[in-house]
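Since this is a predicted model, take the numbers as computed values, not measurements. Just so you know, ligand 1 is whichever comes first in the structure, and atom 1 is the first atom listed for that ligand.
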Amino acid sequence: MTSEQPALDVDRISAVIFDTDGVITDTARVHAAAWKRCFDEFLRRRGRALGRTLPPFDVRQDYLDYVDGKPRLNGVRDFLAARGITLPEGSDADEGASTDGTESADTVHALAARKNRYFLEEIGRYGVAAFPSTVALVRELRDRGARTAAVSASRNCARVLTAAHVQKLFDVRVDGIDADELGLPGKPDPALFLETARRLRAKPAQAAVIEDTLAGVEAAHRGGFGLIVAVDRGRQAAELRRLGAHIVVEDLGELTVSGRRRDSMVVDL
Ligand SMILES: [Mg+2]
């Protein structure tokens, strides 16, 4: 944290784009657990086939370094590459359902599908929590006349927002389904954020992005956004700043809001 109170001025920033996992909803740890279950099963199978023990997925460091904030397939590829493992790509038809000890079912698509299944199982069982300080910030911004959006690389975004009862707090949602339909590359490419700004009818320079991942901050920086706020949930403040975050907080309750109010301006929707 800087010595000054970090602030967002709605007179300068008219639209605010919130990343979903880890910023709006407390789902990053659910994702991390699903990745660990998926990769550890795979590494045990592969280790058995090779006659040695392969180190398990590190739920903190491997998660931050290779999969956090990325499209699922890229996460699989990047983690495997880091371990020097190459798998066939497979296809969307791979359900990834086989856990019977054979290696034949292991493809990039199969691992990604399996990870997603574990994630959905978890949120189905335990639900999804929104961060209270994020909900309070979104409400404050909207009261002051700013427009808000939820963004995610995930195709599960609508389901996650609905499960957390926050879907109505956002004017716009852009998610993995939109990205697939429009052929948008994943973060750190800025395409997803630029599409969101376009739908909010805001120039990137007049919009803020709030992110919790290195890939997300880099994407916002490359998109030329006027304010980039990083929520540091992984003790990586210096790296978030280096990639372009203007403000780094540990919780969005630290961010104060100033500027116009809805009742003093006509909001053109
Ligand atoms: Mg995130």
Participant: Relative to the Mg ion (ligand 1), how many protein N, O or S atoms have a separation of less than 2.8 Å?
Facilitator: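 For the Mg ion (ligand 1), the figure is 3.
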
Participant: Would you say the side chains of Arg77 and Asn74 form a donor-acceptor pair under 3.5 Å?
Facilitator: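 A pair is found: one side chain offers a donor N or O, the other an acceptor, under 3.5 Å apart.
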
Participant: Please check if any side-chain donor atom of Thr27 sits under 3.5 Å from a side-chain acceptor atom of Asp21, or the reverse.
Facilitator: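 Per modelled atom types, Thr27 and Asp21 side chains form a pair under 3.5 Å.
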
Participant: Taking atom types as modelled, find out whether Arg142 and Thr148 have a side-chain donor-acceptor pair closer than 3.5 angstrom.
Facilitator: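 Note: Arg142 and Thr148 side chains meet the donor-acceptor criterion.
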
Participant: List the residues meeting side-chain hydrogen bond (donor to acceptor under 3.5 Å, both in side chains) with Arg242, not counting sequence neighbours, and say none if there are none.
Facilitator: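 Expected list: Glu239.
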
Participant: Could you list the donor-acceptor pairs under 3.5 angstrom formed between side-chain atoms of residues 207-221 and any protein atom two or more places apart in sequence or on another chain?
Facilitator:
| from | atom 1 | to | atom 2 | distance (Å) |
| --- | --- | --- | --- | --- |
| Glu211 | OE1 | Thr213 | N | 3.2 |
| Glu211 | OE1 | Thr213 | OG1 | 3.1 |
| Glu211 | OE2 | Lys187 | NZ | 2.7 |
| Thr213 | OG1 | Gly216 | N | 2.9 |

Participant: Please identify each residue that fulfils side-chain hydrogen bond (donor to acceptor under 3.5 Å, both in side chains) with Gln61, with sequence neighbours left out.
Facilitator: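 So Gln61 forms a side-chain hydrogen bond (donor to acceptor under 3.5 Å, both in side chains) with Asp65.
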
